[in-house]
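The structure appears right after this line, and notes come after that.
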Amino acid sequence: MSAELDLWIQGAPRPARGSERFANTNPATGELISEVARARAEDVADAVSAAKAALPAWRSTSVAERADILDAIADGIEADLDGFAEAESRDTGKPISLARSIDIPRAIANFRFFAGAVRHDETGFHRMDHAINYTLRKPLGVVGLITPWNLPLYLLTWKTAPALAMGNTLVAKPSELTPSTASRMAEVMKGAGLPDGVFNIVHGFGAECGEALVSHDDVSAISFTGGTQTGARVAATAAPRFKKLSLELGGKNSTLVFADVDLDEAVQGAVRAGFTNQGQVCLCGSRVLIERPIYEAFRERFIAGVRAMEVGDPRDPATRIGSLVSADHRSKVESYIALAREEGGHILTGGARPALPAPLDRGAFLEPTVVDGLAPDCRTSTEEIFGPVVTLHPFDTEEEAIAIANGTQYGLAASVWTRDLERAHRVSAQLDTGMVWVNTWLMRDLRVPFGGVKASGVGREGGKYSLGFFSESVNICVKLGGDR
Ligand code: NAD
């Protein structure tokens, strides 16, 4: 059963001008889900025109009106939670249980959170002896949102909600691999009273659609989440046009486990950090650094924890590991498993495709894989694999653990496991990452700064950081009298 999925421009679905389409398939079965309209530069131009035309009315709405619409969008997604979760699981291959418990609830939470954040937002005020300054926050205008396939609606709403809250109009380009939930959300937005043209979607490929959005003169800012190489390209296109730019990029995150931990708790946390969403979360802890006295005990329990994860049909609520996002992506991940062998690694578990019954035998499944015996600075240990592959490394001193953790080009996140409070603070402060978790992983408060350093990105999202990014701060200085 396949359908046609159109672009969403000026509050309505529409094919691409060139009438071209591309196939969206379920990576767990190879089945066709939909034929998707393939946008090129002329379609992007139409979407930007619609957003530009909608801007004057939308930016003049009150904060209360915008916040109420965000809440109504949250309600609309919640009312169709199962439909959204099924669509997300079908597009990505992720377990339906994950889509139901994490992806879609977070999308709803993003709208509710930013509705509240903008209602309670405050701006700057600076008193001088004979004047006052206050900060006026203006919308940026038409903003382009470019998002990846791993957490499609979760990440798109993380940008959409604050961008709308601040009065911008939007053109979104979801990943070509996972277009369905964005379009489903556009229908909900219309029902929630979002005026036509305020939110538009162009489906298509990076080179012909994403790039046209980044280079369009009427787009004032780009918020991009995706790979580091793509981010560099987006930055190179946007910078000479002086567009405001937020880049959330790749990661190779370390889980640091000290010998004083509660072993079972740390193992459980490290397994979750390594393999959630088939290891396809930018924050996944894909290298685990373990203090030598507990290395063997940790390794044994870690392998047992990984083997206990059910790999299989994403529709089965018991499944913990679904399909990777595509056969191409699985090939990339498999090439790293081959590289790990070449670099002297031992595959402790996994490393192969699981035997599954039809139609899952056509899916992009891969067993969760654990490797040790690798040098911490080899390619497998330092490059982003973005799949269910975790490497284990022993260390002897705190300094060594920090050096290994900091020894990649990335700097997104880390987690530190120890019962020594002083060490937790000391080590956390020395890690070159934008985020550190202590004795937990991916515990999120939506107010905190989210983002990476080094090749993991530029800028921060979250709470006031997102509201700041999606607005232009203007200082108004008013003289109060006196002679200066
Ligand atoms: P990707 O870079 O291939 O694609 C991301 C988006 O950019 C897609 O919509 C794609 O079509 C578009 N794109 C591709 N080329 C473009 C171009 N030249 N101009 C404009 N747009 C272009 O990334 P992906 O494979 O979809 O996602 C996986 C990557 O995303 C991983 O590296 C992961 O770490 C990263 N990621 C980062 C975060 C974060 O918050 N830091 C979150 C999720 C994923």
Side-chain angles (χ1 to χ4, degrees), residues 22 24 27 36 38-41 44 91-92 94 102-103 106 110 144-159 171-179 182 201-216 219 222-239 241 243 245-253 276-286 324-326 328-330 332-333 336 383-387 408-413 433-435 442 444 449-462 465-466:
F22 61 93
N24 176 30
V36 187
R38 178 172 176 170
R40 292 185 183 263
V44 172
D91 270 13
T92 55
K94 71 175 68 195
I102 304 282
D103 291 78
R106 173 59 66 77
N110 285 339
L145 310 178
I146 302 179
T147 46
W149 48 258
N150 64 327
L151 301 164
L153 195 69
Y154 176 124
L155 290 172
L156 178 60
T157 54
W158 180 235
K159 300 177 187 302
V171 177
K173 199 217 87 62
S175 169
E176 59 276 22
L177 294 172
T178 54
I201 301 173
V202 285
H203 290 301
F205 297 93
E208 53 195 39
C209 173
E211 199 134 337
L213 183 59
V214 178
S215 58
H216 197 294
V219 174
I222 295 287
S223 177
F224 172 85
T225 298
T228 292
Q229 274 186 333
T230 318
R233 171 131 196 135
V234 167
T237 307
R241 296 173 168 87
K243 290 175 197 274
L245 197 55
S246 166
L247 299 171
E248 298 288 350
L249 309 177
K252 181 79 173 182
N253 313 294
T276 295
N277 204 36
Q278 298 71 243
Q280 302 168 135
V281 179
C282 55
L283 305 162
C284 271
S286 51
L324 303 201
V325 77
S326 68
D328 281 354
H329 186 58
R330 178 176 61 181
K332 182 197 143 187
V333 176
Y336 272 102
E383 295 181 10
E384 184 184 49
I385 301 173
F386 214 58
T408 78
Q409 63 161 327
Y410 297 107
L412 192 56
T433 59
M435 294 162 279
L442 197 42
R444 292 277 293 121
F450 180 100
V453 302
K454 304 198 293 188
S456 290
V458 180
R460 292 291 179 273
E461 295 183 332
Y465 305 91
S466 294

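Quick caveat: nothing in here was measured; it's all calculated off a predicted structure. Read the numbers this way: they start at 1 and go in the same order the structure lists the ligands and their atoms. Side-chain atoms are counted along with the backbone in the values below, which use heavy atoms only and exclude waters and symmetry mates.
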Atoms of ligand 1 less than 4.0 Å from [X] heavy atoms?
X: Asn150; result: 43 (C), 44 (C)
X: Val234; result: 19 (N), 20 (C)
X: Phe450; result: 40 (O)
X: Lys173; result: 9 (O), 10 (C), 11 (O), 12 (C)
X: Arg233; result: 18 (N)
X: Ser175; result: 9 (O)

So do [Y] and [X] actually touch side chain to side chain, heavy atoms under 4.5 Å?
X: Arg106; Y: Trp158; answer: no
X: Asp103; Y: Leu153; answer: no
X: Ile385; Y: Lys252; answer: yes
X: Glu461; Y: Ser223; answer: yes
X: Arg241; Y: Ser215; answer: yes

Tell me which one of [options] gets a heavy atom nearest to [atom].
atom: atom 23 (O) of ligand 1; options: Pro179, Gly434, Gly227, Gly206; value: Gly227
atom: atom 1 (P) of ligand 1; options: Thr237, Thr230, Leu412; value: Thr230
atom: atom 36 (N) of ligand 1; options: Pro152, Ala455, Cys282; value: Cys282

- Query: How about Gln409: does its CD atom have over 12 heavy atoms from other parts shown lying under 6.0 Å from it?
  - Reply: yes
Looking only at heavy atoms, is any part of [X] under 4.0 Å from ligand 1, and if so is it the side chain, the backbone, or both, or is it neither?
X: Glu248; value: both
X: Leu155; value: side chain
X: Glu384; value: side chain

Looking only at protein heavy atoms, which one is nearest to [atom], and what is the separation?
atom: atom 12 (C) of ligand 1; answer: Ile146 CG2, 3.7 Å
atom: atom 10 (C) of ligand 1; answer: Glu176 OE1, 3.7 Å
atom: atom 18 (N) of ligand 1; answer: Glu211 OE1, 2.8 Å
atom: atom 26 (O) of ligand 1; answer: Trp149 CD1, 3.0 Å
atom: atom 9 (O) of ligand 1; answer: Thr147 O, 2.8 Å
atom: atom 37 (C) of ligand 1; answer: Leu249 O, 3.1 Å
atom: atom 35 (C) of ligand 1; answer: Gly226 O, 3.2 Å
atom: atom 21 (N) of ligand 1; answer: Gly210 CA, 3.7 Å

- contact_flag Pro174 ligand 1 heavy-atom lt 4.0 Å: yes
- Close approach, Gly452 and ligand 1, non-hydrogen under 4.0 angstrom: no
Measuring from [X]:[atom1] to [Y]:[atom2], what's the distance to the nearest 0.5 Å?
X: Thr92; Y: Gln278; atom1: OG1; atom2: CD; value: 7.5 Å
X: Glu211; Y: Thr230; atom1: CD; atom2: OG1; value: 10.0 Å
X: Leu177; Y: Asp328; atom1: CG; atom2: CG; value: 8.5 Å

- Task: Ignoring hydrogens, tell whether any protein atom lies closer than 4.0 Å to atom 32 (O) of ligand 1; use the non-hydrogen atoms only.
- Result: yes
- Query: After noting the C-alpha distance and the side-chain angles of Thr225 and Lys159, does the key distance pass the side-chain hydrogen bond (donor to acceptor under 3.5 Å, both in side chains) rule?
  - Reply: CA-CA 10 Å; Thr225 298; Lys159 300 177 187 302; 2.7 Å; yes
- Task: State whether a side-chain donor-acceptor pair under 3.5 Å links Asn24 with Asp91.
- Result: yes
- Query: Distance only, no hydrogens: is a donor on one side chain within 3.5 Å (strictly under) of an acceptor on the other, for Tyr410 and Glu384?
  - Reply: no
- Please work out which of the three classes, parallel, tilted or perpendicular, describes the rings of Phe386 and His329, given edges at 30° and 60°. perpendicular
- Message: Consider side chain to side chain contact (heavy atoms under 4.5 Å, CB included). Of Thr276, Asn277, Val325, Leu324, which one does Lys94 pass it with?
- Response: Asn277
